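Read the structure below first, then the notes.
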Amino acid sequence: MPELGKYAFAVLASYGAGLALLGAVVALVVWRFRRAKAALIAAEARLAARAAQGHHGQANGGRA
Amino acid sequence: MSIWEYANPKKFIETAGRILPVLLPLAMGFLLIGLVWGFFFTPEDYKQGATVKIMFLHVPAAMMAINAWGMMLVASLIWIIRRHHVSALAARAAAPVGLTFTLIALVTGALWGQPMWGTWWEWDPRLTSFLILLLFYLGYIALWQAVENPDTAADLTGLLCVVGSVFALLSRYAVKFWNQGLHQDSTILKVGEKDPLDPAYYWPLIFCLIGIVLLFLALVLIGTVTEIRLRRLAVIEARERQEA
C-alpha cells in the first residue's frame with residue numbers, strides 16, 4: 001500500500017467511488033444483455049411452437 | 001465490403017459476438033495494469049502530493065464522458081440521415097455508459113478539488129459545463145423511455161443529442177475559451193512545454209486511457225446487441241397481443 005498521508009481519504013474515496021460506478025455499469029449492461037437474450041429465446045420458442053401448431057392444423061385440414 | 005453491412009442487425013450481432021471475447025479482456029487488462037501502475041508505482045507530485053493518483057480515474061472518465069456524447073452524435077446523425085435502426089440503438093446503448101463516466105469524472109473531481117482548491121465544487125466553466133452534460137445524459141435516457149414509438153424516440157433523442165453536443169464541446173474547450181476558473185487545461189500532450197505531465201505518470205495514464213476507450217466500445221457493443229434483441233422481443237410480443 002502506497003503512503004498517501006493526509007490525502008488518503010481523497011485518493012481512496014476516489015478509487016472506491018470510481019471503481020464502484022464502473023463495476024455497477026458493467027454489471028447493469030451484462031445483466032440487461034442476459035435478461036434480453038433469455039426473454040427473446042423464450043418468445044421465439046413460443047413463436048415457433050405456434051407456427052408448428054398452425055402447420056399441423058393445416059395438414060389436418062384445419063381440424064387439429 | 002461496406003460499413004453499412006453492419007446496419008443489418010443479424011450481421012451486427014454476429015460481428016459483436018466475434019469481437020467481444022477479445023475486446024472485453026483487453027479492456028480489463030489495460031485498465032487493470034494502468035490503475036495498479038498508477039496507484040501503487042507512481043511517485044507523489046511535488047505540488048499535489050498523493051492526490052495526483054486520482055488522475056488515473058478522473059482523466060480517462062472525463063475524456064470518455066465527452067467522447068461518448070460525440071459517438072452518440074455520429075450515431076444519431078446516421079439515424080437521422082440514413083435511417084439505420086442499429087445506429088440509433090447504438091446511441092441509446094452508449095448513453096448509460098457515458099452517464100457513468102460523467103458521474104465518475106464529477107465525483108473524483110470533487111474529491112480531488114477539496115484538498116487542492118479547498119472546495120468540493122466551484123461554478124467554474126469546465127465543472128459547470130460537465131454538470132450540464134450530466135443533465136443532458138439524464139434527459140436523453142429519460143426521453144428514450146418516455147416516448148412509446150421507437151422511431152419517434154430515436155428522432156427526438158437524435159435532435160437532443162445534436163443540441164447537447166454544444167455542451168460536450170464546451171466541456172472540452174471551456175478552459176481554453178474562458179481561460180478562467182480553477183480547473184487547469186490538459187497537460188498530457190504538452191511534452192516539452194512549460195509545466196507538462198511528468199513522464200512518471202504518462203504511461204500508466206496512457207494504459208488507463210486505452211483501457212477506458214476499449215471498455216466503452218465493449219459495453220456499447222453489448223448494449224447495442226441488447227437493444228436489438230429487445231426491439232425484436234417487442235415486435236414478437238406485439239404480434240402475440242394482436243393474435244390473443
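To find a chain, count down the sequence lines: A is the first, B the second, and so on, and within it residues start at 1. No experiment lies behind these values; they were computed from the predicted model shown.
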When every non-hydrogen atom of B:L35 is compared with those of A:L19, the smallest separation belongs to CD1-CD2, 3.7 Å

Of all heavy-atom pairs linking B:T108 and A:S14, the shortest is CG2-O, 3.8 Å

To the nearest 0.5 Å, atom CZ of A:R46 lies from atom CD of B:E240 at 4.0 Å

If one checks every heavy atom of B:L24 against chain A at 4.5 Å, the contacting part turns out to be neither

Query raised in the report: Is there a donor-acceptor contact under 3.5 Å from the side chain of A:Y7 to the main chain of B:V52?
Result: no

Turns out that what part of B:L219 lies under 4.5 Å from chain A's heavy atoms comes down to both

Look at atom CH2 of B:W120 and say whether more than 12 heavy atoms of other residues, nucleotides or ligands are closer to it than 6.0 Å.
yes

What one should report as the nearest heavy-atom pair of B:L57 and A:G18 is CD1-CA, 4.1 Å

d(B:I236 CD1, A:L40 CG) to nearest 0.5 Å is 5.5 Å

Under 4.5 Å to a heavy atom of chain B? For A:K37 that would be both

Here the gap from A:F33 atom CZ to B:L230 atom CG, rounded to the nearest 0.5 Å, amounts to 11.0 Å

Note: A:A17 and B:V107 closest approach over all heavy atoms is CB-CG1, 3.9 Å

Value for CD (B:E243) from CZ (A:R50), rounded to nearest 0.5 Å, stands at 4.5 Å

Turns out that what part of A:L12 lies under 4.5 Å from chain B's heavy atoms comes down to side chain

Heavy atoms of B:L111 and A:A10 approach each other most closely as O-CB, 3.4 Å

When the 4.5 angstrom heavy-atom criterion is applied to B:L31 and chain A, the contacting part is side chain

When the 4.5 angstrom heavy-atom criterion is applied to B:F39 and chain A, the contacting part is both

Scanning both residues in full, the closest heavy-atom pair of A:V11 with B:K53 reads CG1-CB, 4.2 Å

When rounded to the nearest 0.5 Å, the distance separating CG of A:L22 from OG1 of B:T100 is 8.0 Å

Show your reasoning for whether side-chain contact (heavy atoms from CB on, under 4.5 Å) applies to B:L233 and A:E44.
CA-CA 8 Å; B:L233 181 66; A:E44 283 180 334; over 6 Å; no

